[in-house]
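Since this is a predicted model, take the numbers as computed values, not measurements. Numbering of ligands and ligand atoms starts at 1, following listing order.
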Amino acid sequence: MNKDMLKLGSNRSIIRELFEFSKLKKAELGEDKVYDFSLGNPSVPPAECINESIKDIITNNNDTYSHGYTSAQGDNNVRDAIANDLNKRYNTSYKKENIYMTCGAAASLCITFKALVESSADEILAIAPYFTEYKVFVEGTGATFKVVPADLDTFNINFDELAKVITKNTKAIIVNSPNNPSGVVYTKENLIKLSSFLNEKEKEYNHPIYIICDEPYREIVYEGNVVSHIPSLYDNTIVCYSYSKSLSLPGERIGYILIPDKCFDSKDLYLACLGAGRAYGYVCAPSLFQHVIEKCATYTSDMNEYKKNRDLIYNGLTNIGYTCVQPQGAFYLFMKSLEDDAYKFMERAKQFNIIVVPSDNFGVKGYVRLAYCVSDTTIKNSLPAFKALFDSYKK
Ligand code: PLP
């Protein structure tokens with residue numbers, strides 16, 4: 001048996017642990033007495049287009065079309081629809097040949113890493129704070145996972161730290177904006193600076209360094225913050241996308257990889273993704289949902305709900321006295337722990353039936369993450385508990 005896999009399967013992620021704890025607490029105290037901010041499960045229903053399309057597809061097509069295999073890289077019409085949607089948004093000229101359909105962002109990332117990594121010396125960098133599963137996905141390919149420490153003032157990219165971490169073995173850097181867990185949208189200036197920095201490093205090391213742009217929260221963005229289309233700023237960019245959050249379909253496992261023509265070795269890279277999909281047994285993303293995406297690629301769920309929740313929780317917590325990073329996108333709030341050890345703070349919060357995730361898991365110390373994709377009633381009811389938690393530190 002593979003001992004690393006045994007270890008991975010035995011050590012459940014802290015988020016899953018907390019989710020299980022919350023279920024037990026809810027059974028004991030009642031649903032409305034537990035304020036669970038642990039899991040990033042969209043709380044807004046899918047756009048109407050989704051259920052209408054499902055009915056339409058299964059009513060008007062034969063089962064092989066609706067439920068059968070598609071080509072390994074995905075149905076042609078679906079990939080056309082996605083390319084067209086992107087071209088309208090970003091004034092690009094993508095074609096279906098640039099799109100590879102996947103089972104969500106997790107598969108998009110795993111396939112991309114597998115397609116790029118050649119040896120254990122290869123390094124893939126993530127910018128803290130970062131989505132915890134990156135480490136698992138990168139190490140699953142045998143490559144080395146390295147972290148660029150956070151810029152704790154802006155939560156944008158810390159270039160002094162990046163300069164220290166990058167080496168000639170760096171294959172790629174993951175950029176996740178809007179960011180899980182900080183809720184920050186990286187500024188265009190920051191991304192242009194990253195692009196120039198990497199161009200210099202590519203020259204110095206004489207090989208391409210890819211940006212792997214993980215953007216499942218692309219459409220969840222507030223107050224005119226703009227999520228830059230990174231391939232328009234930096235040629236060697238691969239986009240890993242998913243409809244899990246934008247269309248509230250996390251359980252349906254549907255997303256794609258975009259490999260623009262401008263990307264170094266793009267045709268071979270696409271073929272390597274096909275190979276990685278085969279090696280992982282990920283061929284053919286769910287067929288029914290590919291067809292749904294063909295019809296709904298231009299839609300999103302109602303993002304106003306997240307904005308309302310964002311305001312409710314950010315204002316509620318800062319009024320109590322908590323220090324929070326103001327979320328510009330996604331549905332996460334990064335809040336300063338009231339003691340240095342965020343695990344201890346998490347344990348204290350549990351005593352008030354509040355469930356939050358310590359930031360150590362995201363590569364930063366001293367914060368907790370709150371996923372506010374919950375009902376507004378949960379947020380409103382949680383505020384007195386947050387106040388009591390805050391006051392408990394004055395005693
Ligand atoms: N990347 C980030 C930043 C995420 O937050 C998530 C899920 O929460 C994923 C990737 C995985 O997304 P999916 O469910 O589409 O695989």
Review point. Is the shortest N/O to N/O distance between Lys245 and ligand 1 below 3.5 Å?
Key: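 Lys245 vs ligand 1: N/O contact under 3.5 Å present.
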query = For ligand 1, does Ala105 get within less than 4.0 Å through its side chain, its backbone, both, or neither, judged by non-hydrogen atoms?
reply =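 Both backbone and side chain of Ala105 come within 4.0 Å of ligand 1.
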Proximity to ligand 1 by part of Pro250, non-hydrogen separation under 4.0 Å:
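Looking at Pro250 and ligand 1, no heavy atom falls under 4.0 Å.
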Proximal atoms of ligand 1 relative to [X] (non-hydrogen, under 4.0 Å):
X	result
Pro216	1 (N), 2 (C)
Arg253	13 (P), 14 (O), 15 (O), 16 (O)
Ser244	13 (P), 14 (O), 15 (O)
Asn176	3 (C)
Ser242	15 (O)
Asp214	1 (N), 2 (C), 3 (C), 10 (C)
Ala106	11 (C), 13 (P), 16 (O)
Gly104	15 (O), 16 (O)

### Message
Less than 2.5 angstrom apart at the SG atoms, yes or no, for Cys296 and Cys49?
### Response
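Cysteines Cys296 and Cys49 qualify as a disulfide pair, their SG atoms being under 2.5 Å apart.
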Any atom of ligand 1 sitting under 4.0 Å from a heavy atom of [X]?
X	answer
Glu133	no
Tyr130	no
Gly40	no

(request) With rounding to the nearest 0.5 Å, note down the distance linking CG in Asp75 to CD1 in Ile99. (result)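 The distance works out to 13.0 Å.
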Check this for me, if you would: do [X] and [Y] make a salt bridge, where the nitrogen-to-carboxylate-oxygen distance has to be below 4.0 angstrom?
X	Y	value
Lys25	Asp36	no
Lys307	Asp311	yes
Lys344	Glu339	no
Asp391	Lys394	yes
Glu118	Lys171	yes

| query | Should Ile211 and Leu194 count as side-chain neighbours, where that means a heavy-atom distance under 4.5 Å? | reply |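 When only atoms from C-beta onward are counted, Leu194 and Ile211 do touch, with a gap below 4.5 Å.
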> Cation-pi between Arg369 and Phe362: NZ/CZ under 6.0 Å from ring centre and within 45° of the ring axis?
Replying inline: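 Cation-pi check for Arg369 and Phe362: fails.
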- Item | Other residues, nucleotides, ligands: >12 heavy atoms within 6.0 Å of Lys336 NZ |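 Result for NZ/Lys336: open.
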Top protein contact for atom 6 (C) of ligand 1, by heavy-atom distance:
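Minimum-distance protein heavy atom for atom 6 (C) of ligand 1 reads Phe131 CZ, 3.4 Å.
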